[in-house]
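Notes follow the structure.
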Amino acid sequence: MLGGHYEGHYGNKPPIDPPSKISIQESKETHPVLKGIEQRSFLSTSHLYKNREMSAKATVLMDGVVVGREVREPVTWTHETSSGGRVVYTSLGNTGDFGIQPFRRLLLNAIHWVAGRAVPEQLIHPGLKGDFDPSASHNGWVPMNVPSAWEQHPNGAFADTDGFGWYRAYVHVPEAWRGSRLLLVVDEVSDVDEGFFNGIKIGANGAMPPLYQNPSSNIRRPFVIDPDWIRYGEDNLIAWRVYDKGGQGGILKGPVHLSRRDDAIDLQGTWLFRPGDAPSWSQWDHNPDSAEAKQASAQFKQIVGVGFAGHVGIVDADIGGRQRRIQEVYEKFKGNTNVHALTEGKGAPLPPDAALESLEVSDGLSIDLVLSEPLVKQPLYIDFDERGRMWVVQYIQYPNPAGLEVLTWDNHLRKVFDAVPPPPPYDRPEHQKFIGKDKITVHEDTDGDGVFDTHKTFLDGLNMCTSLAFDQEGIWVMHPPYLLFYPDRNHDDQPDGPPEVHLSGFGLEDTHSIANSLKWGPDGWLYGATGSTVTARVKVERGKSNKVYPFFGQNIWRYHPVTHHFELFAEGGWNTFGVDFDSKGVTPILSAVAPEKTMERKDGPHSGNPEVRKAVAAGLPQHVAWAYERSNGGRGFGFTGLHNHLNWRNPDFRKVILNAMLWLAKAKVPENGIDCPLSDEQILTNLDQKRGRNPLEILRDARQNQSFISPVKGAK
């Protein structure tokens with residue numbers, strides 16, 4: 001029935017014995033059972049069976065050999081019976097085999113074929129869990145010397161191996177290093193690679209298939225490991241994923257270091273290696289604190305022997321290699337007359353009048369000089385508040401953050417620094433080295449002549465500050481690696497105290513591309529951008545989750561200040577610098593005309609400035625409620641009045657809010673909307689005392705006020 005005769009096996013049990021090398025029969029590559037199998041040969045943890053006296057009707061698809069021997073044995077074949085039945089047999093199937101794509105795809109194909117169904121071009125391999133998790137043991141892994149090409153393995157098992165390969169090692173990080181930021185350093189890996197530390201992806205060079213792309217820089221940057229991810233005084237798991245397109249593959253050239261600024265753990269020695277690809281190989285076998293994990297770590301050293309990765313111990317950091325890379329980049333740009341290619345400084349600016357004269361203006365346009373040095377230097381971002389004042393972010397510290405030392409960089413000028421700066425203020429003695437030259441200033445034209453004549457500083461001493469956003473109770477400040485909120489609840493243009501840290505983890509590698517351009521969206525989220533050459537591992541500092549959001553530049557992200565949610569909104573593009581919203585897709589729902597008594601108020605956040613007075617005098621309505629639909633089906637609703645107690649007594653106001661809740665949830669809104677009748681007593685019960693006024697007085701005023709909010713024409 002099966003088509004072959006079993007006569008025992010060779011008893012080879014990796015990793016102690018040589019593995020079985022399995023190959024696809026070239027003449028049978030087009031057989032449906034082999035469809036979609038990416039590797040023509042691979043290593044198996046199953047010991048090799050001796051299968052003899054094959055039936056004439058059997059079609060051998062794969063055979064195998066014990067590495068180091070010559071006798072080949074059939075391991076996978078099909079057999080069709082005289083009655084039309086179909087059989088697929090394989091002697092593979094050890095636990096470790098389920099971790100490799102060829103075996104999993106073989107099983108899925110076989111199920112379709114024996115059932116008489118066509119084998120699909122694409123099949124989804126289910127996630128690996130439980131006993132079939134390939135990281136549950138060291139089965140399938142073989143000792144491999146690092147650095148060296150995997151083709152140079154002594155038993156020749158990988159002489160013709162291209163494609164994916166993984167390295168793993170358990171490394172002890174001293175307790176004395178607690179709090180240190182570490183770098184995973186290597187000189188050359190072929191062709192593209194990704195690094196993982198305790199299951200966290202810490203960096204990549206190039207792009208993995210199916211979007212394969214060689215590294216953009218021939219000068220490698222170390223992978224950066226933040227202190228939060230390190231198990232000081234204990235073992236840590238380092239996993240390295242490598243894809244070799246052809247030629248020599250693997251971790252080719254050292255030194256291979258887990259490095260601090262001045263010293264390092266030398267990682268040259270024996271690692272565990274495995275061809276193939278499975279995401280779970282980046283993870284610990286079990287909970288790192290469990291007895292099983294400690295046993296796995298001990299077993300690693302037992303398998304690889306006394307020359308295990310890290311056996312050399314603590315050595316000097318590769319300072320010479322860092323300096324060599326910096327010099328290589330410096331020499332590349334040396335003598336380049338393009339101002340943007342300069343590695344140090346950008347030259348002196350023109351005097352303001354000369355700069356104005358040098359500008360060429362198209363017909364019908366004119367340029368006025370409204371503000372110049374020394375009042376502003378290197379302005380990066382401007383915005384206008386409700387009083388018409390101009391707020392300027394002066395990016396004077398650019399291009400080098402204060403207090404940080406450059407350890408190395410690549411030929412795109414992406415730097416690796418020796419530390420992560422703390423958030424401001426830098427009032428502690430050990431933090432004063434981080435005091436920068438950046439500032440946020442406020443400028444006003446008090447006499448209407450088009451020139452700003454009053455100036456004040458809201459913040460100074462900042463270090464790589466890129467943008468701001470106004471809030472009713474303060475100012476949001478993008479200050480990579482942090483998103484900060486400076487409360488100013490009395491609106492005196494002075495922070496009420498130190499900033500609140502809402503987000504951390506934005507990268508600083510290229511200060512030409514760091515997180516920037518804060519902008520409120522129509523949905524109430526705070527949006528921002530990151531450029532093309534920085535990484536990020538964003539953590540929400542004020543939320544309940546410890547989740548980290550890793551990503552590589554070229555995207556738009558957003559943060560909700562109330563719910564403390566963070567997410568990527570869009571990815572792609574290039575050196576993203578700037579965020580704005582137009583009215584496309586936004587449907588106005590309600591509009592309002594400000595009451596005339598607004599003209600009687602003093603200047604303040606919500607009244608009294610020239611633009612408000614113009615709108616009131618002209619009777620221009622303002623949109624106070626709007627809806628937004630995204631192309632992917634998402635919906636948003638905004639409204640400017642939820643905080644006002646008086647609005648809630650209006651039944652139409654309540655109806656709009658309740659209707660919006662159903663609409664956002666994509667539930668059916670009743671034909672006449674949702675009624676929410678409330679008595680005066682119910683309203684009174686839920687009114688808070690405001691500014692010393694009795695709720696009864698508020699309710700009386702509410703009855704006297706006539707609604708001035710009306711639906712926008714055409715909004716249904």
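It should be emphasised that the depicted structure is a prediction, and the values quoted were computed from it without experimental measurement.
At a threshold of 4.0 Å, the pair K456-D493 counts as salt-bridged, since one of the basic side-chain nitrogens sits closer than that to a carboxylate oxygen. The existence of a salt bridge linking R537 and D228 is excluded, since no basic side-chain nitrogen approaches an acidic carboxylate oxygen closer than 4.0 Å.
If you look at W391 and H443, their ring centroids are not closer than 6.0 Å. Ring pair F197/W229: centre-to-centre distance not below 6.0 Å.
With 3.5 Å as the limit, one finds a donor-acceptor pair spanning the side chains of S513 and T533. For the residue pair Q554 and T530, no side-chain donor N or O sits within less than 3.5 Å of a side-chain acceptor on the partner. Side chains of N214 and Y212: a donor-acceptor N/O pair is present below 3.5 angstrom, by distance only.
Summarising the geometry, atom CE belonging to M464 is positioned 11.5 Å from atom CG belonging to N516; distances are rounded to the nearest 0.5 Å. Here K377 contributes atom NZ and K439 contributes atom NZ; the two are 7.5 Å apart, rounded to the nearest 0.5 Å.
The side-chain heavy atoms of F569 and N555, taken from C-beta on, include no pair separated by under 4.5 Å.
By the neighbour-count criterion of 12 heavy atoms within 6.0 Å, atom NE2 of H565 is sparsely surrounded, having that number or fewer from other residues, nucleotides or ligands.
Within the 3.5 Å criterion, the main-chain N or O of L518 finds a donor-acceptor partner in the side chain of S467. Remark: the backbone N or O of D652 is paired with a side-chain donor or acceptor of N650 at under 3.5 angstrom. No side-chain donor-acceptor contact under 3.5 Å links S282 to the backbone of F196. With hydrogens and angles disregarded, no donor-acceptor distance shorter than 3.5 Å links the side chain of D510 to the backbone of K415.
The salt bridge (charged side-chain N to carboxylate O under 4.0 Å, His left out) search around R635 returns E629, not counting sequence neighbours. By the side chain to side chain donor-acceptor pair (under 3.5 Å) test, E444 is found to be paired with no residue, residues two or more places apart in sequence or in another chain being considered.
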Taking distance alone, no hydrogens or angles, what donor-acceptor pairs closer than 3.5 Å link side-chain atoms of residues 658-667 to residues at least two apart or in another chain?
residue, atom, partner, partner atom, Å
N659, OD1, I674, N, 3.0
N659, ND2, K655, O, 3.3
K666, NZ, G633, O, 2.8

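Of the residues Y482, Y549, W557, the one that meets the ring pair (Phe, Tyr, Trp, His ring centres under 6.0 Å) test with F506 is W557.
The two residues A469 and L526 come nearest to each other via the heavy atoms CB-CD1, 3.8 Å.
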